[in-house]
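Some notes on the structure that comes next.
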Amino acid sequence: MRILLTNDDGIHAPGLDVLEAIARPLSDDIWICAPSEEQSGAGHSLTLTRPVRLREHGPRRFSVSGTPTDAVTMALKRLLPAAPDLILSGVNRGANLGDDVTYSGTVSAALEGALAGIRSIALSQVYAKEGMADTVPFDAAAHWGEQVLRPLLDAPFAPRTLVNVNFPPISAEAVKGIRVVRQGFHDYARGSVVEGTDPRGYRYFWFGLHGIEHTPGHASDLEAIADGYVSVTPLHLDLTHEASLAALAARFDG
Ligand code: MN
């Protein structure tokens, strides 16, 4: 089984090492291609206005000066001898839950794989910020990763779908199990915009991710994580709102 690993936090991300450790028992044909720098929040963006540089870091280990989608595209079109059987994206440093998934470079890298017809799975480690310390414990992901992946290796994936996995921000022993749940949604407009002044005296703005809340319940990925479970959510790119199709079409009839 040939596996492609990627990670939107970059080729040197600790979460990529965690993912490689999870994947090694599954195969000895592992390829890595990730952005050279952190690309969190890059979503499904593709670099079109400048060239992308490729760098080899070791056998079957590459970085690209682009987005997570660029990294997967480069791997599929230029690096691998044939299509991989599996693409794993992560383990991301931080949650990819609810309607945040469209911002996610981690989920989008898996989405690119799904569009290419390859079984693709995104993995993210939720973490809780404590004071200014910002170390992400990948404990839950490291210990539950293989257990989550094994059943997904031969599970039927519908065409153009991927699976989004999130690990809760607790120790591996405290994790209660695995729940297959729907994508949730947040309550508030996301993020914050912080204003400052640069060293030359000009005003700047910096976008953050503070204050994102959700209402418990709804049998969602957000609820599963809050309850201490690993969440597993099948996703697809088709954003069509089926229920609105007929009513909207009627507006244009006659
Ligand atoms: Mn990231």
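All residue numbers refer to positions in the sequence shown, counting from 1. These values consider heavy atoms only, across backbone and side chains, with no hydrogens, waters or symmetry-generated copies. Indexing begins at 1, ligand by ligand and atom by atom, following the structure's order.
- If you look at the Mn ion (ligand 1), the protein N, O or S atoms less than 2.8 Å from it are Asp8 OD1, Asp9 OD1, Ser40 OG, Asn92 OD1.
- Enclosure of atom CD in Glu37 is not indicated, since only 12 or fewer non-hydrogen atoms of other residues, nucleotides or ligands lie within 6.0 angstrom.
- In terms of hydrophobic clustering, with Ile, Leu, Val, Met, Phe, Trp and Tyr side chains grouped at heavy-atom distances under 4.5 Å, Ile121 and Val230 are assigned to a common cluster.
- Atom OH of Tyr202 has 12 or fewer neighbouring heavy atoms from other residues, nucleotides or ligands inside a 6.0 Å radius.
- Grouping the Ile, Leu, Val, Met, Phe, Trp and Tyr side chains by contacts below 4.5 angstrom, directly or via other members, places Leu162 apart from Met1.
- Looking at Asn164, its side chain never comes within 3.5 Å of a backbone N or O of Thr233 through a donor-acceptor pair.
- Judged as a side chain to side chain contact (heavy atoms under 4.5 Å, CB included), and not counting sequence neighbours, the contacts of Asp227 are Arg179, Glu223, Tyr229.
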